[in-house]
Amino acid sequence: MIHSLFLINNAGDLFLEKHWKSVISRSVCDYFFEAREKAVEPDNVPPVIRTPHHYLINIYREKIFFVSVIQTEVPPLFVIEFLHRVAETFQDYFGECSESTIKDNVVIVYELLEEMLDNGFPLATESNILKELIRPPTILRSMVNTITGSSNVGETLPTGQLSTIPWRRAGVKYTNNEAYFDVVEEIDAILDKSGTTVFAEIQGVIDACVKLSGMPDLTLSFMNPRLLDDVSFHPCVRYKRWESERVISFVPPDGNFQLMSYHISAQNLVAIPVYVKQNISFFETGSSGRLDITVGPKQTMGKTVEGLVVTVHMPKVVLSANLNATQGTYNYDPVTKILVWDIGKLNPQKLPNLKGSLSLQSGAPKPEENPSLNIDLKIQQLAISGRLGSFISVGCDSLPAGPCDKALLLLTLF
Amino acid sequence: MTDSKYFTTTKKGEIFELKAELNSDKKEKKKEAVKKVIASMTVGKDVSALFPDVVNCMQTDNLELKKLVYLYLMNYAKSQPDMAIMAVNTFVKDCEDLNPLIRALAVRTMGCIRVDKITEYLCEPLRKCLKDEDPYVRKTAAVCVAKLHDINAQLVEDQGFLDTLKDLISDSNPMVVANAVAALSEIAESHPNSNLLDLNPQTINKLLTALNECTEWGQIFILDCLASYLPRDDRESQSICERVTPRLSHANSAVVLSAVKVLMKFMEMLPKDLDYYGTLLKKLAPPLVTLLSAEPELQYVALRNINLIVQKRPEILKHEMKVFFVKYNDPIYVKLEKLDIMIRLASQANIAQVLAELKEYATEVDVDFVRKAVRAIGRCAIKVEQSAERCVSTLLDLIQTKVNYVVQEAIVVIKDIFRKYPNKYESVIATLCENLDSLDEPEARAAMIWIVGEYAERIDNADELLESFLEGFHDESTQVQLQLLTAIVKLFLKKPTETQELVQQVLSLATQDSDNPDLRDRGYIYWRLLSTDPVAAKEVVLAEKPLISEETDLIEPTLLEELICHIGTLASVYHKPPSAFVEGSRGVQHKRLPPRAGSGESTESPDVGQSGPSEAPPAVIPSQGDLLGDLLNLDLAPPTATVPSVQPSMQMGAMDLLGGGLDSLLGGDIGGSPSVTAMPASLGSAPAVGGGLGDLFDLGGGVGMPTGSYVAPKTVWLLAMKAKGLEISGTFARRGGIIQMDLSLTNKAMSVMTDFAIQFNRNSFGLAPAGPLQVLTPLSPNQTIDVSLPLSTSGPVMKMEPLNNLQVAVKNNIDVFYFSCQYPLSLLFVEDGKMDRQVFLATWKDIPNDNEAQFQIKDIHLNSDVASNKLQGSNIFTIAKRTVEGQDMLYQSVKLTNGIWVLAEMRIQTEPFLLSDLKCTEPRIVYANLLHSQ
């Protein structure tokens, strides 16, 4: 099982170590540093590194490498999932997961790690349970603690720990009962030069924020659940009910959680909201080239496209760009060779255009590779898969008991 | 108010200051001090000097302080074992606390303190906690057993904790079940044969019930445990599959992959015509696709596993090609894996799309990725015949880009395409020749030279091209030199008139001016071949080459089966069997897929079920040098002189070993045997002679058995996964004075094997095949053939370690394989080994003590007469017998094939065994004077 954990920052400093079995010398990280060196970019460090006596499994999150050491045959996905959970827990506790916050809260971090893993076996990874065991730091609490001498550590056994619904604590009370569900959909698409879709898929998640008293039992149903190719549920969802009735029935955890994620790969359902006309060419002589990019709306269903950013990965020989943008700002970084054009809101009446010349390293041959364009955008209030729409309905099988007059369910979709 | 303040004290008296604070009366100050200590610990500072002061803080009601002290204890107890004892009382007291959280915390922490003295005190509290009323305490205690086992395995067994742990599998709380399973699995890993997880339908049912209710991590443990179960029939298999399928929708990817493993394994048992089988196949694809939208690290592990799944069951993902298309921002390790799977999924239906993608990739920035993409195009051409033409033209387009590494890579793959489709795409040679000057990598140069040599008759200026390479002959790498030598010889054989000078030049360069033995030897062979018999030379050098096939990069079926059983583990990431790299001497069980119910495949199934100890004896791959030297020695002599009866095909084979196979012998094959270093350890300690003698006695108590030479059962010498599908098992026998090697050759590959030949390395007793290996019919897939090979003892002699080690090379149409085996020394005991009594007495005295060895053989229930008879069957002759103090003494003689005599004195004792077993008799043999030369 998981033997040790080392946290290493981008500069290669090891700033935290935790061992769950015997202590393993930090020199084992030398193999990691070697691989880190070889990979050049931090993103490219292979996740599983073999050393003579151990295996190092690492993830790279928020400029921190989480390097775990294992000695026996352990499923690598198990370790990777766990490391992600550690990063998420830090995020959850401290607002952000960075070297400085970890150093600022090193004792809590240590207590958390000890609670999360016992002898390498995961112990408590649900944020609800952890928060009962170790309270997250707040300025108010630390002041109260200093005055009263009470501690951050829960004195009793977390109630959820052993029940069949370990994710929810008992005795939750709210004066305002609310539940919010956000449907976030991402399209991932590859288009070729002519604009034809090579590949497109939709990744969707439903994030929930449930603040309901007692033990609420909720259901959520879709208008057309057959479209979902694959779903992954939070453990709270009753799978049997989904199988038979295609209804999501669950007792929610308290607070924020991801209820489910789904995947839609049927390409005809995926409408690409914008189109891009691009022409990037390099001249045979004169060490220069031209660039002309126009972005326009395609299938936006009347909604506004926001946060539009076009990123172009230029060939190595491009030294600088002298461009003119009708909207937004552009920036070319000659070190990374990345041209970023931040457009912002897309105005369908006046299409944004970026045009100008590129200057190349003199004497270098005409670059062969085709620059690839990444386009990021956001559309509020629109599900691209276009079918979940307003068809989600939330029902309450058992209403929260408590002093509130009326269970109020507020739905914000999209 | 952050913890970073704990790091700021840098004054010299830091430790001193902390000490004072730790002993402060104020609770708050104490806690702050402990926090400071912990903070120093996390960054690796040594604060062990504060041990007594910190332990003093342990007696407290404040849970946070207690936890902090425990954290400290776990880290430093080992360095201060005596001081750690101070903490024991508090632990024992805490284990009885009213608060289950504290009970659990105490037992958990105690298990983490790796000090022997503490573990002694741990047993009683642990026993209580394992039966605690609170499931939280029980589940913590279950893990604690695993911890304790890691520190002191014997203690755990003696205290009966393992049985308690097994009982916990039936616990009412799913979390406790999951932890018990996890603990047992971990313990079982260090005891491969202990049968700790005794799975039967009842326990399986309990596990499946717990599976639905425990945490995600618990589900992983349970699923991994389920995967090692072997269902009785297809119906049980189906019902397990049905109950595992819902796990495919879990948000935790590790749960998903573990579920995939269980399903992939149990599916094997379902009849293919079952409706459910098809449903299951359909259900497997979506979760696998979803794994690819997770974080890149998860994607990587998933892709490595999908690679295996695609090879085993291509039908699952055949329509999902597009999800493997590379995204620009994928990390390189994900890109390379995706590319690999794209090729595996390439078929006639989707090849156009794949090629279009690959062509795009070939213009990317990352050099490694581009190279692999170009290579992928070549592999597509070889895999999908219909696409070959399009692939070649794509490659030509890429060559036109003149990007140096693209051109080189393209030429390497075009060579492979030529080998797959000879005489089809020669029109492109002209384009290739244009790029001759830009080739600077050895592999590309070698490939180009090969092409020129192979098609010399069609390239007008082939001699000029090769001559230009020859100018810098000594600066080239070996690979290029060897290739150049062969190419020029080919050219000469095709155009003898114009190239005489060139061939002489290269031969003299290779033989006289080179320090490289391979090059020199190959040069000499060509030289002699050309000078003695040019016609034969033509037949050898220009022989038709076997076509290469796409299968070359597929994983061997036996290995694939094993890996499928290990989906989701490190083994699946490295595509190597766990035995190849799991740390240390831990035995690893070879897992196999279960046989399909009611199908013809079950013929070989009886032993499959018992996942018993690994049945394969270690086969040592001999150092390549020795064998090579030997093969060369034998082959360089006129072939007819050494082995007169060898079939013609065998001679061709021998030539092949030297020609084409030479570089692979030296280079490639070493990499292909990852376990070389790990294996010999177990062999080195194997008794040289004792083992053989022990075998003689082990004849299962068969007193009335007809006397005859003992023949050991066949053992596997060469594993199929190491020998491209050829499995060899065998044994030795002595029949009527003739030594015979009984071999079973099994073809576990997908293609037919022919042209078998065998050779021995020099060995201690000069064993050599007395005739060729008689495998007359080709060995078709899944066929086994039994061969008896008579051996002579007139071969060359070289002392081996151990003495009875024999290194064997077996060749077939695919490759040459090496293994080593050990023959029982009794094989060499000749029939006229009975020594005259007087001579025996005289000799006995003459032999110096140095030549004497003694050992015991235990647990043999034979009296002296039976033993004597039995040994006589193996040509160990009793010369005299006498009885001293109630013990029978046998005096025996043995003669070996090389004329060495071995004299023995054997004492058979019948004394009661004092410790526990009173009936046990203990015969004892004193074997003296081994290998004394007369």
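Letters go in sequence order (proteins before strands), and every chain restarts at 1.
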Contact origin within Tyr239(A) toward chain B - heavy atom pairs under 4.5 Å: side chain

Greatest number of heavy atom pairs closer than 4.5 Å to chain A - which of Leu291(B), Val370(B), Ile151(B), Asn252(B): Asn252(B)

Interface moiety of Val573(B) toward chain A, non-hydrogen atoms closer than 4.5 Å: side chain

Where Gly568(B) and Pro76(A) come nearest, the two heavy atoms and their spacing: O-CD, 2.9 Å

Residue part contacting chain A, namely of Phe221(B), when any heavy atom lies under 4.5 Å: side chain

Closest-packed option against chain B by number of heavy-atom pairs under 4.5 Å, given Gln203(A), Gln258(A), Lys240(A), His84(A): His84(A)

Atom of Asp43(A), atom of Pro331(B) and distance for their closest heavy-atom approach: O-CB, 3.5 Å

Neighbour count above 12 (heavy atom, 6.0 Å) for Lys29(B) NZ: no

Which portion of Val323(B) sits near chain A, non-hydrogen atoms under 4.5 angstrom: both

Heavy-atom pairs under 4.5 Å with chain B, option from Val237(A), Thr125(A), Val74(A) with the top count: Thr125(A)

Region of Ile332(B) in contact with chain A, defined by heavy-atom distances below 4.5 Å: both

Under 3.5 Å: donor-acceptor pair, side chain of Glu111(A), backbone of Leu68(B): no

Under 4.5 Å from a heavy atom of chain B, the part of Asn374(A) involved: side chain

Greatest number of heavy atom pairs closer than 4.5 Å to chain B - which of Ile70(A), Val45(A), Leu7(A): Val45(A)

Per-residue contact mode, Glu357(B) against chain A (heavy atom under 4.5 angstrom): side chain

Top contributor to chain A interface from Tyr333(B), Tyr300(B), Phe325(B) [non-hydrogen pairs under 4.5 Å]: Tyr333(B)

Side chain Glu297(B), main chain Tyr60(A), donor-acceptor under 3.5 Å: yes

Contact origin within Met1(A) toward chain B - heavy atom pairs under 4.5 Å: both

Whether Tyr55(A) and Tyr574(B) hold their rings parallel, tilted or perpendicular, with breakpoints at 30° and 60°: tilted

Nearest-0.5 Å distance that lies between atom CD1 in Ile220(B) and atom CZ in Phe82(A): 11.5 Å

Portion of Val326(B) that has a non-hydrogen atom of chain A nearer than 4.5 angstrom: backbone

Straight-line distance of Leu83(A) CG to Leu298(B) CG, nearest 0.5 Å: 9.5 Å

Gap separating the CZ atom of Phe121(A) from the NZ atom of Lys139(B), nearest 0.5 angstrom: 12.0 Å

Option in Asp118(A), Asn58(A), Ile57(A), Thr101(A) with maximal non-hydrogen atom pairs under 4.5 Å from chain B: Asp118(A)

Under 4.5 Å from any heavy atom of chain B - which part of Glu114(A): both

Step-by-step side-chain contact (heavy atoms from CB on, under 4.5 Å) determination, Leu71(B) to Lys18(A): CA-CA 10 Å; Leu71(B) 277 177; Lys18(A) 167 83 184 120; 4.0 Å; yes

Flag side-chain contact, heavy atom, 4.5 Å: Glu216(B) against Glu81(A): no

Proximal component of Glu243(A), with respect to chain B [non-hydrogen, under 4.5 Å]: side chain

Lys21(A) NZ to Lys147(B) NZ distance, which is reported to the nearest 0.5 Å: 10.0 Å

Distance (rounded to the nearest 0.5 Å) between Ser572(B) OG and Glu73(A) CD: 7.5 Å

CA sep, side-chain torsions, deciding dist, call: Glu295(B), Ile80(A), side-chain contact (heavy atoms from CB on, under 4.5 Å): CA-CA 9 Å; Glu295(B) 284 84 356; Ile80(A) 296 174; over 6 Å; no

Residue pair Ser232(A) / Thr290(B), side-chain heavy-atom distance below 4.5 Å: yes

Test item: Pro75(A) and Asp224(B) side chains (from C-beta on) under 4.5 Å apart, heavy atoms: yes

Nearest-0.5 Å distance, SG of residue Cys144(B) to CG of residue Asn119(A): 8.5 Å

Part of Val48(A) lying under 4.5 Å from any heavy atom of chain B: both

Lys283(B), part contacting chain A, at a heavy-atom distance under 4.5 Å: side chain

